[in-house]
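One structure is given here, and the rest of the page talks about it.
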Amino acid sequence: MSDVFNGLFAKYPDLEPCRESVRQAFEAMEASFRKGGKMLLAGNGGSAADCEHVVGELMKGFMSPRKLPASEREKMLIHGEEGAYIADRLQGALPAISLVSQSALATAYINDVAADMVFAQQVYGYGRPEDTLVVFSTSGNSANVVRAVQVAKSLGLATIGLTGQGGGRLKELCDVTVRVPYAGTPDIQERHLPIYHALCMMLEEAFFG
C-alpha cells in the first residue's frame, strides 16, 4: 500500500486494529470508481458533517491540483477564450453525493413517509450496482443508516461503514466495517477524520497521480 496508508498508522498507532478494514475500504472505493461508479454518503449529526467533508475532498483537488487532461480540456475550447478560462479552473473529480444535504426531500420524507427511510429512499433513487455507499455511525445502529445499507445491499452496491469498536448492526450488514477502537462518540469521530482523509488521499493518488 501507499506511503499515505502506512503513514496513517504511524501517526495514529491506536488505529492499527483497523489496518485491514481500511485497506479493504480503499479497494472497494477504488473498484467502484474504476467501474464508473459514484460514492453516496450518509450519517447523522457530526457524522453528517463528515459526509460533507468527504465530498469536499473527492470532488475537487485535495492534495494535488488535478488539472484536466488534454482530451477534456479540448472539449471546453469550443467556447473560445471563455473555454480556456473554464478549462484552467476545472479540476478532476471523483463523483460523490452527500445524502444529508437534500433538506427539501429529507423533510418531506420525514413528514410524509418515515424518518428512518430518508437515506434508504435516496439510495433507491440514486444507487446503481457500480456505486458505493459509505455510512458513518458511531454506534453502528442508527436506524436511517441501517435502512440505507439494507437497500444498498438489495441493489448490489458495495457498502462501507465507519463505526466505533462495537460496530452495531453495521458490523454484520456492511461489506467492510472500519471499527475504530473507542466507545465514546467524540473519540470515535476524531479517529474517523484521519481515516477518511487517508482514503481520499489514496484515491487521489490512484486516479490523478
Side-chain angles (χ1 to χ4, degrees), residues 1-11 22-43 47-106 119 122-136 148 152 155-162 175-176 178 192-209:
M1 297 297 284
S2 72
D3 290 342
V4 171
F5 179 79
N6 292 320
L8 170 66
F9 303 103
K11 188 173 183 180
V22 171
R23 182 189 65 78
Q24 292 173 348
F26 167 73
E27 290 177 350
M29 292 173 179
E30 182 186 26
S32 172
F33 286 128
R34 295 276 182 213
K35 291 184 288 188
K38 60 187 175 292
M39 183 183 293
L40 306 176
L41 300 104
S47 295
D50 288 327
C51 296
E52 299 281 9
H53 194 156
V54 172
V55 171
E57 312 298 22
L58 293 180
M59 286 289 291
K60 59 174 286 297
F62 179 21
M63 302 299 289
S64 71
R66 302 192 196 175
K67 293 185 181 298
L68 294 191
S71 59
E72 292 297 309
R73 181 181 177 82
E74 188 69 23
K75 295 175 183 177
M76 304 301 154
L77 298 184
I78 63 171
H79 304 293
E81 291 183 3
E82 289 183 328
Y85 176 93
I86 293 168
D88 287 342
R89 287 159 181 81
L90 284 177
Q91 298 181 337
L94 293 171
I97 301 172
S98 171
L99 301 181
V100 308
S101 303
Q102 300 172 349
S103 58
L105 171 60
F119 296 145
Q122 290 168 293
V123 170
Y124 181 73
Y126 287 125
R128 300 294 181 268
E130 63 271 18
D131 297 340
T132 301
L133 174 65
V134 177
V135 295
F136 293 85
L155 298 178
L157 282 71
T159 53
I160 299 169
L162 282 84
D175 298 320
V176 180
V178 181
H192 282 173
L193 189 149
I195 290 171
Y196 66 70
H197 263 171
L199 288 168
C200 289
M201 285 188 277
M202 292 160 65
L203 289 166
E204 185 171 64
E205 286 182 351
F207 288 91
F208 302 104

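All residue numbers refer to positions in the sequence shown, counting from 1. These numbers come from a predicted model, not from an experiment. Hydrogens, waters and symmetry mates are skipped; everything else that's a heavy atom, side chains included, is used.
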Closest heavy-atom pair and its distance - Ala25, Val178: CB-CG2, 4.4 Å
Nearest heavy-atom neighbours spanning Leu94 and Arg66: N-NH1, 4.1 Å
Verdict with supporting geometry, Met29 and Val134, side chain to side chain contact (heavy atoms under 4.5 Å, CB included): CA-CA 9 Å; Met29 292 173 179; Val134 177; 3.9 Å; yes
From Gln24 atom CD to Glu27 atom CD, the distance as rounded to the nearest 0.5 Å: 7.5 Å
Side-chain heavy atoms of Ser2 within contact of Glu205, under 4.5 Å: yes
Residues, nucleotides or ligands: over 12 heavy atoms within 6.0 Å of Glu52 CD: yes
Minimum-distance pair of heavy atoms, taken over all atoms of Phe119 and Gly43: CZ-O, 3.5 Å
From Met39 atom CE to Cys200 atom SG, the distance as rounded to the nearest 0.5 Å: 7.0 Å
Sub-4.5 Å side-chain heavy-atom contact between Tyr85 and Met76: no
Shortest non-hydrogen separation from Ala28 to Ile160 and the atoms involved: CB-CD1, 4.0 Å
Phe208 vs Lys67, side chain to side chain contact (heavy atoms under 4.5 Å, CB included): CA-CA, chis, key distance, verdict: CA-CA 9 Å; Phe208 302 104; Lys67 293 185 181 298; over 6 Å; no
Parallel, tilted or perpendicular, as decided by the 30° and 60° cut-offs, for the rings of His53 and His197: perpendicular
Between OG on residue Ser32 and CZ on residue Arg128, distance to nearest 0.5 Å: 13.0 Å
Beyond-backbone contact of Leu203 with Glu30, side-chain heavy atoms, under 4.5 angstrom: yes
Crowding at CD, Glu74 (>12 non-hydrogen neighbours, <6.0 Å): no
Spacing of Gln102 atom CD and Ile97 atom CD1 [to the nearest 0.5 Å]: 7.5 Å
Side chain to side chain contact (heavy atoms under 4.5 Å, CB included) between Leu199 and Ile195, intermediate numbers included: CA-CA 6 Å; Leu199 288 168; Ile195 290 171; 4.0 Å; yes
Nearest atoms (heavy-atom pairs only) where Ala152 meets Leu133: CB-CD2, 3.7 Å
Short side-chain donor-acceptor distance under 3.5 Å, Tyr126 and Asp131: no
Crowding at CG, Asp3 (>12 non-hydrogen neighbours, <6.0 Å): no
Verdict with reasoning, Phe5 to Phe26, per side chain to side chain contact (heavy atoms under 4.5 Å, CB included): CA-CA 10 Å; Phe5 179 79; Phe26 167 73; over 6 Å; no
Shortest non-hydrogen contact between Leu155 and Val123, atoms and distance: CD1-O, 3.8 Å
Heavy-atom side-chain proximity of Leu40 to Leu157 below 4.5 angstrom: yes
Min side-chain heavy-atom separation Val135-Thr159 under 4.5 Å: no
Rounded distance (nearest 0.5 Å) linking atom CG of Leu41 with atom OG of Ser47: 11.0 Å
Within 6.0 angstrom of Lys38 NZ, more than 12 heavy atoms from elsewhere: yes
Polar side-chain atom of Gln91 near backbone of Gly61 as donor-acceptor pair, under 3.5 Å: yes
Gap between atom OH of Tyr196 and atom SG of Cys51 - 0.5 Å precision: 9.0 Å
